[in-house]
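Notes follow once the structure below has been shown.
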Number of protein chains: 2
Amino acid sequence: MKNTLGFQPLYKQVYEQLIKRISDGDWKPSENLPSEFALAAELGVSQGTVRKALNALEAEKLVERRQGKGTFVTEHTNEASNFRFFRLVRQDGSRLKPEGVVESIKQRAAKRQEQSVLALKDKEQVYEIRRLRMVDQTPCVAETIIIPQALFPKIDQQAAVSASLYPLYQREYGISVANAEEQIQAELANKQTAKRLALDVGTPLIRVDRIAKTINNQCIEWRSSLCDTRSFIYSVSVT
Amino acid sequence: MKNTLGFQPLYKQVYEQLIKRISDGDWKPSENLPSEFALAAELGVSQGTVRKALNALEAEKLVERRQGKGTFVTEHTNEASNFRFFRLVRQDGSRLKPEGVVESIKQRAAKRQEQSVLALKDKEQVYEIRRLRMVDQTPCVAETIIIPQALFPKIDQQAAVSASLYPLYQREYGISVANAEEQIQAELANKQTAKRLALDVGTPLIRVDRIAKTINNQCIEWRSSLCDTRSFIYSVSVT
DNA sequence: GAGTGGTCTAGACCACGCA
DNA sequence: GCGTGGTCTAGACCACTCT
């Protein structure tokens, strides 16, 4: 790893190298990476350069570093994943702990739009998961989740689909969601949605369309959530 | 600035010191900060420590650094400010350049909720600005903006209120918006909103409530935007 | 060419976690 | 007491900008 051929700064090369090895599964979630000195020796760079790469990985939440313990691949626990990706909060700003109720899981061929969003081949299979998220026994979000069958085989036989999905993706399939794009629109509850969320037809809802991506920017989930925002509010900070 | 008394790391102290001097106006927007070596000499620390502080400031978009030129206090231009804080995009993801049409600017006493959000005293005065944002001659957002009169004197006499406001705040009043919290709810267009946005009563809209803060976390604006999301979509990335 | 930030290195010392 | 990451320093060299 000399700098003679590379156009990229050394620490960037180290960064990419580490990303590759993490996504290859060289180190599992919650597993210890080698120490800074060990990585530096292995890659033939100084410890400071490795540190810069590791700090960048930490900033993107791909690893967690703890003084005295070491560097760990970020693990999606139910709490952390929920805190990071579930953006509905109470009026006072406090966070929710929603439970999931699975309505249905179907396997079918991907529709055209799903093919393009998830980069699927023609006629490729997907799972369509329909869930309700409940807070205090009251439904507040109706989700439709589309994931490629090839990436998540037999997920319809998993009992844990009612919990947070991202920990399941990571634990059972080795797929970690690294970031997501969300798009929000307003719409009215139709008859079916009204029934799912136990509210009146014509109630205004927000539709949150999320495309979730891995560390390699591969799109692995398309999730559409209809949220009743009378009790809970979608909250985000702009920096 | 020795480390004997400080509980904080040196670079953090430097960081806070620089924030203070920026918000005191020691350096104006788009003005050059001293070089790393000059700051290091002045503060009695090494250049590497100053660099760490400056990089942190850059990560929070408070300064911009350019190789060969120097470090500058971030300037809110119309384009940059719009790109950063205006989150509606077209269906294809491309960004909008909205124009503003001022409907009214009134001065009045702050209401109770405004007092608490903006940390105002009883009976303190605010401006209430009502604007429409237009794209291609079509109104898509109806805004109500509340700002303390004490911070923005005579803003009702400014011609530039129809443009992006944050550049105006910075240029005319020396107040820079550093970050914001947005909360989103769905609601139906009432008669007045329907008229403002030229759509039917009962059309579903998203209400985006934004609280904008300065570098010192002082809340300086409360903005409520009603957005027609049939043509444009609120877009945000979750990391 | 002079001055700026960007990269890379090497080494010292500190704070934390654990056996 | 050892190994980890966290801080701080000092110095070398590179890349970019301006004059």
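The structure presented is a predicted model; accordingly, all values stated were derived computationally and were not measured. Throughout, a chain's letter reflects where its sequence line sits, starting with A, and its residues are numbered from 1.
Remark: P of D:dA12 and CZ of B:F37 are 11 Å apart, rounded to the nearest angstrom. For the pair B:L57 CG and C:dG5 P, the computed distance is 13 Å after rounding to whole Å. Distance CG (A:L43) to P (C:dC8): 13 Å, rounded to an integer number of Å. One atom, CZ of A:R66, and another, P of C:dG17, lie 10 Å apart when rounded to the nearest Å. Rounding to whole angstrom units, CD of residue A:Q47 and P of C:dC13 are separated by 15 Å. The separation between B:N32 atom CG and C:dG3 atom C1' is 11 Å, rounded to whole Å. C:dT9 atom C1' lies 13 Å from atom NZ of A:K52, rounded to whole Å. Per the geometry, CG belonging to A:N55 stands 9 Å off C1' belonging to D:dG5, to the nearest Å.
Residue B:Y11 is classed as a sugar-phosphate contact, given heavy-atom separations below 4.0 Å to backbone atoms only.
The A:S35 side chain lies nearest to D:dT4 when the options are D:dC8, C:dT9, D:dT4. Of the candidates D:dG5, D:dT9, C:dG6, the closest approach to any side-chain atom of A:E36 belongs to D:dG5. The B:L10 side chain lies nearest to D:dC8 when the options are D:dC8, C:dA10, C:dG5. The side chain of B:T71 has C:dG5 as its nearest neighbour among D:dG6, C:dG6, C:dG5.
For the residue pair B:R65 and B:T71, a side-chain donor N or O sits within less than 3.5 Å of a side-chain acceptor on the partner. Using modelled atom types, one finds a donor on one side chain and an acceptor on the other under 3.5 Å when comparing B:S224 with B:R207.
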**OP:** Go through B:E182 and B:Y234 one step at a time and tell me if the side-chain hydrogen bond (donor to acceptor under 3.5 Å, both in side chains) criterion holds.
**Re:** CA-CA 11 Å; B:E182 294 198 335; B:Y234 182 97; 2.4 Å; yes
Subject >> Check against side-chain hydrogen bond (donor to acceptor under 3.5 Å, both in side chains), B:Q8 and B:Q13 >> reply: CA-CA 6 Å; B:Q8 295 269 35; B:Q13 297 178 42; over 6 Å; no
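For B:Y166 and B:F85, the gap between ring centers is short of 6.0 Å.
At a threshold of 4.0 Å, the pair A:R210-A:E143 does not count as salt-bridged, since none of the basic side-chain nitrogens sits closer than that to a carboxylate oxygen.
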Pairs under 3.5 angstrom, nitrogen or oxygen only, protein versus nucleotides 14-17 of chain D, please.
from   : atom 1 : to    : atom 2 : distance (Å)
D:dA15 : N3     : B:Q67 : OE1    : 3.2
D:dC16 : O4'    : B:Q67 : OE1    : 2.9

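A sub-4.0 Å separation between OP1 or OP2 of C:dG6 and a side-chain N or O of B:R65 is present.
Checked against B:F232 for a side-chain contact (heavy atoms from CB on, under 4.5 Å), the options B:V135, B:T138, B:V141 give a single hit: B:V135.
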